[in-house]
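Report on the following structure.
Reminder, nothing fancy here: chain letters follow the sequence lines and each chain counts from 1. These figures come from a predicted structure and were not determined experimentally.
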There are 2 protein chains.
Amino acid sequence: MAERKTYHHGTLRQALVDGAKEILAERGHDQFSLNEVARRAGVSTAAPYRHFRNRDELLSAVAEEGYVTLAEKLENASGLARLGGAYVRFAHDNPGLFVTMFRSRPEGAESAAGRAAFEMLLRATAAAQDSGEIATHATPEITARSLWVTLHGLAVLHLQQPHDRYGLGEEPEQLATTTLSALLGLKSD
Amino acid sequence: MAERKTYHHGTLRQALVDGAKEILAERGHDQFSLNEVARRAGVSTAAPYRHFRNRDELLSAVAEEGYVTLAEKLENASGLARLGGAYVRFAHDNPGLFVTMFRSRPEGAESAAGRAAFEMLLRATAAAQDSGEIATHATPEITARSLWVTLHGLAVLHLQQPHDRYGLGEEPEQLATTTLSALLGLKSD
DNA sequence: ACCTGAACACCGTTCAAGT
DNA sequence: ACCTGAACACCGTTCAAGT
């Protein structure tokens, strides 16, 4: 807990992560540049390499924070339909961050927050099965995983084709409700 | 239909498309380089710009051929489970091409082959509804779209996490069957 | 310990010039 | 009409050198 002093910057590492998030929000994942992150932080292009092994490792740190935020959003949603809506909403509101989260290769250990997000979906699935809201022979794990897969596909395709082409709706919440309803016969509320 | 002679190359345009496919298969979408395509074709890095406006337009041409191949694969599959298996199998066997297909922004007009692929899923969905194999209140269009979304999510997540983490299986066909069964109660055959 | 300055190989793209 | 050669701005990454 000793007070640390850094040469030019207080906490360059976090400044880089924050700057990366800014660029992702402004320009998207495809236009992300490590050199630009350094420029925004006011340091040389070599400076980030004191804190991250390479560009991908910085993006992994960004992704990890993204998973934490996503898990928070999901916590505030109850029920399968709202959970699904929150997932697609997150992707819709943070496209660059969302794409980054699912591009960064989780080497070995998996994100704890990412795991926590899945656990929420798992609990909601088990509850919906217990209450008879959804009827499936599959285990809660397999069912929840299948739902995750569906929500992820919905988010990904929505980011590429934001306009409504198949009557699923335009708004993230509507997309999730319509899709889950079509597959599971889930009630909208 | 006049015989055309090109300076150094017979049909550079197709050579570039083919070379791009090779690189995508060898190195994947992230490592794709337009300059390397030119190098492989034995032309200068400026030559591709006689045939494509830019890098993205070449990748769009590649994507279009990918949709044609995908539609062919789907044609040889009958029933929802086999269609789904063929979709995930295609992504599994051609990851670089698959990613390219869903990154290239369809400006205005949509791929005819991509539309044809969806039509096949739509017909299989309607048939499954008619036979009572699947029971859902939703229209065939919305149901088919929801299934497409699911298969796409399955393919995307499988490419990132090829190992079996949730008991859905390892093989593309198994993944599709397990997932569709969990959501729809679809019979494996 | 942390950052700079300068370099390297590479990228996408442009444009005058060659045939 | 089609391609080359050379240039431009930019990228990710490395490394000796500064403080």
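Residue B:A46 places its side chain closer to D:dT4 than to any other of D:dT4, C:dT13, C:dG5. For A:Y49, taking side-chain heavy atoms from C-beta onward, the closest of the listed nucleotides D:dT4, D:dT13, C:dT4 is D:dT13. Of all nucleotides listed (C:dT4, D:dC3, C:dC3), D:dC3 comes nearest to the side chain of B:L12. Residue B:N35 places its side chain closer to C:dG12 than to any other of D:dG5, D:dC3, C:dG12.
Remark: B:R82 does not engage B:E173 in a salt bridge, criterion side-chain N to carboxylate O under 4.0 Å. Ionic pairing of A:R145 and A:E141 is not present here: no N-O contact between side-chain nitrogen and carboxylate oxygen is shorter than 4.0 angstrom.
Here salt bridge (charged side-chain N to carboxylate O under 4.0 Å, His left out) pairs that include residues 58-74 of chain B, with residues two or more places apart or in two chains, are B:K21-B:E65.
Remark: P of D:dC10 and CG of A:D30 are 19 Å apart, rounded to the nearest angstrom. At whole-Å resolution of the value, CZ in B:F52 and C1' in C:dT14 are 18 Å apart. Rounded to whole Å, the distance from CZ on B:F32 to P on C:dC10 is 17 Å. Distance B:H51 NE2 to D:dT4 C1': 13 Å, rounded to the nearest Å. Atom CG of B:N54 and atom C1' of D:dA9 are 17 Å apart (whole Å). The separation between A:R40 atom CZ and D:dC11 atom P is 11 Å, rounded to whole Å. Taking atom CZ of residue A:R27 and atom P of nucleotide D:dC10, one finds them 11 Å apart after rounding to whole Å. Between the CZ atom of B:R55 and the P atom of D:dC10 there is a distance of 18 Å, given to the nearest Å.
In terms of modelled atom types and a separation under 3.5 Å, the side chain of B:T125 and the main chain of B:T143 share no donor-acceptor contact.
Position along DNA chain D of the nearest nucleotide to A:R50 versus A:L34 favours A:L34 as the more 5'-ward residue.
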*Given side chain to side chain contact (heavy atoms under 4.5 Å, CB included), test A:I142 with A:S146 step by step and report yes or no.*
CA-CA 6 Å; A:I142 289 181; A:S146 298; 4.2 Å; yes
Salt bridge (charged side-chain N to carboxylate O under 4.0 Å, His left out), that's the test. Do B:E22 and B:R27 meet it? Break it down for me.
CA-CA 8 Å; B:E22 276 182 35; B:R27 300 222 214 294; over 6 Å; no
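Using a 4.0 Å heavy-atom cutoff across all strands shown, B:R39 reaches sugar-phosphate atoms only and no base atom.
Just one of A:L168, A:V88, A:L151 meets the side chain to side chain contact (heavy atoms under 4.5 Å, CB included) condition when paired with A:T179; it is A:L168.
Scanning DNA chain C for stems, defined as runs of 3 or more consecutive Watson-Crick or G-U wobble pairs whose donor-acceptor distances all fall under 3.5 Å, gives the following ranges: C:4-8 with D:12-16, C:12-16 with D:4-8.
Considering only side-chain N and O atoms, A:S33 lies under 4.0 angstrom from the phosphate OP1 or OP2 of D:dG12.
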